[in-house]
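Following: one structure in structure tokens, then a few remarks.
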Amino acid sequence: MRRPSYEHLVQDVLGEGVWRDLGEPLGGRGGTRDIEISGISSFVVDGNFPWNLIVVQTDAEVYGVGEAFTGPVREHIKFLETALIDHNPIDVARNVEHMNQVLSGIGGSTGYAQAAVSGIEIALWDIAGKLLEVPVYQLLGGKFRDTVEVYKDCHAGEPLLAASAGDGASMYGPEQYQAVAEQTLDEGFSSMKFDLDVGSSSNDTTHRRLSGSEVDQRVEIVRAVTEAVGDEAEVGFDLHWNFSVETALEIARAIESFEVGWLEDPVPPESVESHRRVARGTSTRILAGENLTRLEGFLPYITEYTVDFLAPDIQKCGGLLEFQQIASLADVFGIPLAPHNISSPVGTIASVHAAATVPNVFALEWHASEVDWWDDVHVGPPLIDDGRIAVPEEPGLGITLDRSVLDDHCSPRESIPF
Ligand code: MG
């Protein structure tokens with residue numbers, strides 16, 4: 001009989017007599033901890049981005065939820081399900097290593113393969129915590145803080161979709177930014193971020209350059225926002241990988257005299273050296289890293305002091321354990337972290353658990369202010385209170401999803417597997 005293709009591929013990838021063969025499930029511990037993964041599935045909810053929610057089912061009463069970074073992860077989830085069926089979900093590190101063993105020889109150490117690993121790993125932690133009746137942060141070694149500071153992504157002073165659909169150059173001036181900065185302070189945030197890359201008068205932006213007057217426009221936005229917040233908040237500005245080294249440096253140097261928390265992703269993400277040139281050419285602090293995966297991806301950014309701050313995305317970088325390793329090495333080199341986060345409450349609360357367990361996180365992103373039902377997805381009060389999220393004390397991730405709200409916002413033809 002023909003074997004299912006992914007099962008066949010997993011067996012082929014691992015081969016016979018592989019050195020680090022983790023394909024054989026471990027059992028034998030007895031009691032309620034002797035459980036097996038019975039299925040892994042995903043569904044998409046239409047939030048500020050399409051949210052990839054992951055569900056890991058077991059042969060016991062307990063299941064876990066996780067979230068993978070937005071984008072095409074479903075085939076990776078199906079592939080990894082084949083590798084993990086019958087394995088004990090609470091051996092989280094072993095399961096992650098098994099997934100990475102299966103993926104590494106077929107180019108899966110980066111990109112959406114690692115987003116899938118991240119989402120599954122989060123769900124495994126949720127299972128382990130529920131089964132052992134402790135919060136995920138406790139399983140990860142305990143917490144450094146009871147609440148995690150959240151910085152609000154204010155886009156360009158307007159919701160993201162409106163900004164990208166409109167003529168940014170004329171729609172967004174310093175006054176609009178300033179008004180949103182003041183409103184965000186009123187909401188209790190002491191950290192926030194704005195897009196500084198919207199709108200250009202040029203009809204050719206492929207050269208990644210700005211004119212002197214366009215740089216001046218951005219300086220006026222920075223002036224307006226930093227004057228509005230004074231010393232009441234830290235403010236970052238995001239350039240979304242849009243500029244050449246020369247233009248990025250021109251912007252970074254032009255805003256050096258303002259109280260800017262950080263300038264984010266000034267140049268395309270593929271080149272370590274271009275980041276280093278920008279960071280070393282300005283006193284403005286440079287933040288990057290949301291597109292990097294696994295510790296090896298972060299190595300040159302950490303060990304060579306390429307940027308000032310790092311922003312691992314916990315739904316993408318390889319999971320909570322991988323995040324801890326990245327944070328730990330960054331701490332050795334004196335580099336603070338502000339994790340990137342554009343996810344639903346599931347990914348956000350997973351990020352809170354992880355961020356609580358390392359010393360060098362100073363803020364976690366929140367990117368969904370335009371989704372007015374964001375907090376309806378979970379049962380209970382809003383997650384963010386006065387600009388911070390409390391680290392949950394309930395077992396697992398400590399978040400209970402509202403099935404009817406998920407149903408209302410599920411992508412067409414998606415089904416929720418619980
Ligand atoms: Mg960003």
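Closest of all the heavy-atom pairs between L383 and D375 is N-OD1, 3.0 Å. Minimum heavy-atom separation, Y137 to P392: CE2-O, 3.4 Å. When all heavy atoms of P268 and S274 are compared, the closest pair comes out as O-OG, 4.2 Å.
Side-chain contact of N100 with Q114: a donor-acceptor pair under 3.5 Å is present, judged by distance alone. Residues E97 and Q101 bring a donor and an acceptor atom of their side chains to less than 3.5 Å of each other. Side chains of H240 and N242: a donor-acceptor N/O pair is absent below 3.5 angstrom, by distance only. Under the 3.5 Å distance criterion, with hydrogens and angles disregarded, a donor-acceptor pair is assigned to the side chains of T348 and N341. At a cut-off of 3.5 Å, with distance as the only test, no side-chain donor of Y177 or E182 sits close to an acceptor on the other residue. Side chains of E234 and S190: a donor-acceptor N/O pair is absent below 3.5 angstrom, by distance only.
Using a 4.0 Å cut-off between charged nitrogen and carboxylate oxygen, E246 and R277 do not count as a salt-bridge pair. Ion pairing between a basic and an acidic side chain is recognised when a charged N comes within 4.0 Å of a carboxylate O; D195 and R218 show no such pairing. We find that D385 and R388 are not joined by a salt bridge, their nearest charged nitrogen and carboxylate oxygen being 4.0 Å or further apart. A salt bridge links K78 with E75: the distance from a Lys NZ or Arg NE/NH1/NH2 to an Asp or Glu carboxylate oxygen falls below 4.0 Å. Using a cut-off of 4.0 Å between Lys/Arg side-chain N and Asp/Glu carboxylate O, E290 and K316 are scored as not salt-bridged. Salt bridge annotation for E256-R253: absent, with no cationic side-chain nitrogen under 4.0 angstrom from a carboxylate oxygen.
Within a 6.0 Å sphere centred on CG of D231, other residues, nucleotides and ligands contribute 12 heavy atoms or fewer. The environment of CZ in R209 is sparse: at most 12 heavy-atom neighbours from other residues, nucleotides or ligands sit within 6.0 Å. The neighbour count for Q138 CD, taken as heavy atoms of other residues, nucleotides or ligands under 6.0 Å away, is above 12.
Checking side-chain atoms of D59 against main-chain N and O of E36 turns up a donor-acceptor pair under 3.5 Å. Side chain of H76 to backbone of A116: no donor-acceptor contact under 3.5 angstrom is found. Judged by distance alone, with hydrogens and angles left aside, the side-chain atoms of N360 form a donor-acceptor pair with the main-chain N or O of I335 at under 3.5 Å.
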Working for salt bridge (Lys or Arg N to Asp or Glu O under 4.0 Å), residues E365 and K152 | CA-CA 6 Å; E365 182 168 7; K152 179 179 171 180; over 6 Å; no
Just do the salt bridge (Lys or Arg N to Asp or Glu O under 4.0 Å) check on D308 and R280 with the steps written out, would you?
-> CA-CA 10 Å; D308 300 284; R280 293 187 181 174; over 6 Å; no
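Screening V65, I122, I37 against V56 for a side-chain contact (heavy atoms from CB on, under 4.5 Å) leaves a single residue, I37. Here the options are F194, W262, F189, the test is ring pair (Phe, Tyr, Trp, His ring centres under 6.0 Å), and the partner is Y151; only W262 passes.
Note that CZ of F298 is 11.0 Å distant from CG of L329, once rounded to the nearest 0.5 Å.
Between Y63 and F418, the angle of the ring planes stays under 30°, which puts this pair in the parallel group of the 30/60° scheme.
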